[in-house]
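See below for the structure under consideration.
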Amino acid sequence: MRSEVVFYAFKRLAIFPIYFLVFSILIFSVVMYAPGDPVDIIAGPTASEETRQLISKEYGFDRPVYEQYISYMGDFMRLDFGNSLRFSDRSVGELLWERVQVSAPLGLVASVIGVFLGILVGLFATFKRGTWLDTVLLSGFLVFAAIPSLLLIQFFILLFSLKLGWLPAGWQGGWEGIFTTSAIIPILTLSLVGVVGMARFIRTITLGIMDEQYVRTAKAKGLHPAKIATRYVLRNAWLPLMTVLIPIFFTFFEGSFFVEQIYGIPGLARFTIDSVFGRDYPVILAVGILGSMLSIFTILVVDILYFVADPRVSLKR
Amino acid sequence: MEKVSATAEMSKRKRSVLSELFFLMWKDRLARPAMVYIALFFALGILSFFWSGDYAAQNLAEARQGPSLGHWFGTDILGRDMFTRVLYAARITGVLVIMTALLGGMPLAIALGVIAGYFGGKAEAIIMRIGEIFIGIPTLLFILLFTAIARPRYDDLIFNLGPVGEWVIKTGVADLALIFLVTSMIFWVGPARMYRSQVMSIRDSAFVESAKMLGASNGRIIFRHILPQLYTYIAHSALLMFAGVIGTEIALSFFGIGIRAPHPSFGAMFSETASSRILNSMPHLVVIPGLIVGLFLFSILFLELRLTRILASEHEREAS
């Protein structure tokens, strides 16, 4: 049984290099064949023909695309993503790392709050199943999932900052902004989006557990619902929970494209958008490839977790 | 499995599965208001065809006004009537939903899911590998990247079409088509994978075997025996897909690569209000359109939420 899991894990992870190759080629060619000459961005519109050729040679734009790909991937493996075109003296890795320090804590705090709230709401809905509270709770949190986050944060800013004056209307400082009150609105926006999805998942998996004999026994013993929830219900929901936990973290991060833009947070998502519109190819390449690698890796890990949770899944593949 | 038996039961009755599903939801007193609101939203979109107002007409003398009798939803920074703009934005959203349902992601998902599940083999392998590529890339990042990079090429292409291209750009059809193409390309993947696994289990069931034995063609088996059992899954994923497509339109237009000026759309409206100065002085610009489209999205997702309960209670009722 254990060795079967290890074998399955190896089998899934062995695919990773293939995906890596496919995705890097895909993203590289999309970016390379995009209209617009990167030389224009580096040299500026008034540069002479000699300067342009010099730059083209220095950056390797004059070589065939497959050669550029190979040399780029060689550097990529050594975690050297080249220099940014917009900030020409800064390396992409350095620029990204600065932004990750802002975005990662924000996303992490938001997803921890969101997951915790989701579990709480889901358990509540299970215990109160069929009552009005069950319906009201889930539909209430559905509001935050339905309204796009770029709209939700504007509502929050309008209400809490501009009308009530409780919170600032924009991000304060760099990475340390997470310790100020300006972190509350973005965290609220990012975390509330995923609550209902989490709660529904918890409700579905725990409903089955509620009918189990041991839960009935615990109820008959007169144990407090909170004790039943943590000791009997949640413990048995843990493994299926793990499989959705990782993908759900991504949903919490997705909203940051809009939240960072609107709230003025100097984070990774905003930097990515600015780079896309500023045609900063090295940054787009690095974010695209790293992002899809992270996403594929989590999908493979989730697959393995599914297998651990229920070894029968391998038969369906 | 319980949903499958519920639909199998439905298909025995005279009414079609789809209308059966509709009446089942209409009977639910919580789902009904959501259905009414969805109809109202579409009515707003249809109203735009008969509305005489011009969504692009600027009147600086009447700019920055709140709601009044002359301008029901107020006016924006350039003095454009917000009611007219909301009508046209609702039209674009509505058209996008209908296109997704009839031409885009939905038929694509059903066709590819059924082909992969029923026929298997090479077709399945190709469909699933392509799907895996789209699943591997973070959806929103990919959509933004792809659209932003493809946009200039796309604009050139349309522009070179001559008078047709001119018309397409002027009416905003070009923008709409791009959003439709991008969303159709991405959103079929999840549902198609789900349909595939369902079709695979139905394909191996006894009644399909016996239908084959009787000499039924593949087409007959698919349309008479397999598709009717997929309807609840289709309903769920269709509602989720509609919400996803609407959200994507808003996201793309927000960043200026979806529906673009002078054509109104909800995403473009919310990008105009994304500064606290405008938000503070003209809250009606975000509150009114925000509530209208927000409630629409909520109604769609609420129907999806209710559908699970309705089918579960229907199943219990039938079982008892």
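Quick note on labels: first sequence line is chain A, next is B, and so on, each numbered from 1.
- A centroid separation of 6.0 Å or more is found between the aromatic rings of B/Phe254 and B/Phe270.
- The pair B/Asp28-B/Arg309 fails the salt-bridge criterion, with no side-chain N (NZ, NE, NH1 or NH2) lying under 4.0 Å from an Asp/Glu carboxylate O.
- The side-chain hydrogen bond (donor to acceptor under 3.5 Å, both in side chains) pairs that include a residue from residues 116-132 of chain B are A/Tyr19-B/Glu132, B/Tyr118-B/Asn218, B/Glu124-B/Arg196, B/Arg129-B/Glu132, where partners are two or more places apart or lie in different chains.
- The candidate with the highest count of non-hydrogen atom pairs below 4.5 Å against chain B, out of A/Val22, A/Val276, A/Leu150, is A/Leu150.
- The interface of residues 241-252 of chain B with chain A, defined by heavy-atom distances below 4.5 Å, comprises B/Ile250, B/Ala251.
- Using a 4.5 Å cut-off between heavy atoms, A/Leu294 makes no contact with chain B at all.
- In this structure, B/Phe142 and B/Phe146 have parallel ring planes: the angle between them is below the 30° cut-off, well short of the 60° mark.
- Heavy atoms closer than 4.5 Å to chain B are found nowhere in A/Ser161, neither backbone nor side chain.
- Neither the backbone nor the side chain of A/Ile153 comes within contact range of chain B; no heavy atoms are under 4.5 Å apart.
- Contact of B/Ile257 with chain A is made through the side chain alone, with heavy-atom distances under 4.5 Å.
- Comparing A/Met293, A/Gln261, A/Arg203 by heavy-atom pairs within less than 4.5 Å of chain B, the highest count is held by A/Arg203.
- For A/Phe257, the parts lying near chain B are the backbone and the side chain together; criterion is any non-hydrogen pair under 4.5 Å.
- Considering only heavy-atom pairs separated by less than 4.5 Å from chain B, the leading option among A/Ile299, A/Ile262, A/Leu151, A/Leu152 is A/Leu151.
- For A/Leu158, the parts lying near chain B are the backbone and the side chain together; criterion is any non-hydrogen pair under 4.5 Å.
- The shortest non-hydrogen separation linking B/Ala174 to B/Ile158 is CB-CG2, 4.2 Å.
- Among residues at least two apart or in separate chains, side-chain hydrogen bond (donor to acceptor under 3.5 Å, both in side chains) pairs with a member in residues 147-156 of chain A are A/Gln154-B/Thr273.
- Applying the ring pair (Phe, Tyr, Trp, His ring centres under 6.0 Å) criterion to B/Phe302, with sequence neighbours excluded, gives B/Phe298.
- Looking at B/Phe255, the atoms closer than 4.5 Å to chain A (heavy atoms on both sides) sit in the backbone and in the side chain alike.
- Salt bridge present: B/Asp175 and B/Arg151 bring a charged side-chain N and a carboxylate O closer than 4.0 Å.
- The shortest side-chain heavy-atom distance between B/Leu307 and B/Met25 falls under the 4.5 Å cut-off.
- Under the 4.5 Å side-chain criterion, counting only non-hydrogen atoms from C-beta, A/Leu190 is not in contact with A/Glu254.
- In this structure, a donor-acceptor pair under 3.5 Å is absent between the side chains of A/Tyr263 and A/Thr189.
- Using a 4.5 Å cut-off between heavy atoms, B/Thr139 contacts chain A through both its backbone and its side chain.
- Chosen from A/Ile273, A/Thr135, A/Leu300, A/Val196, the residue pairing most often with chain B at heavy-atom distances under 4.5 Å is A/Ile273.
- Both the backbone and the side chain of A/Val30 have a heavy atom closer than 4.5 Å to some heavy atom of chain B.
- No side-chain donor from either of B/Ser265 and B/Arg85 sits under 3.5 Å from a side-chain acceptor of the other.
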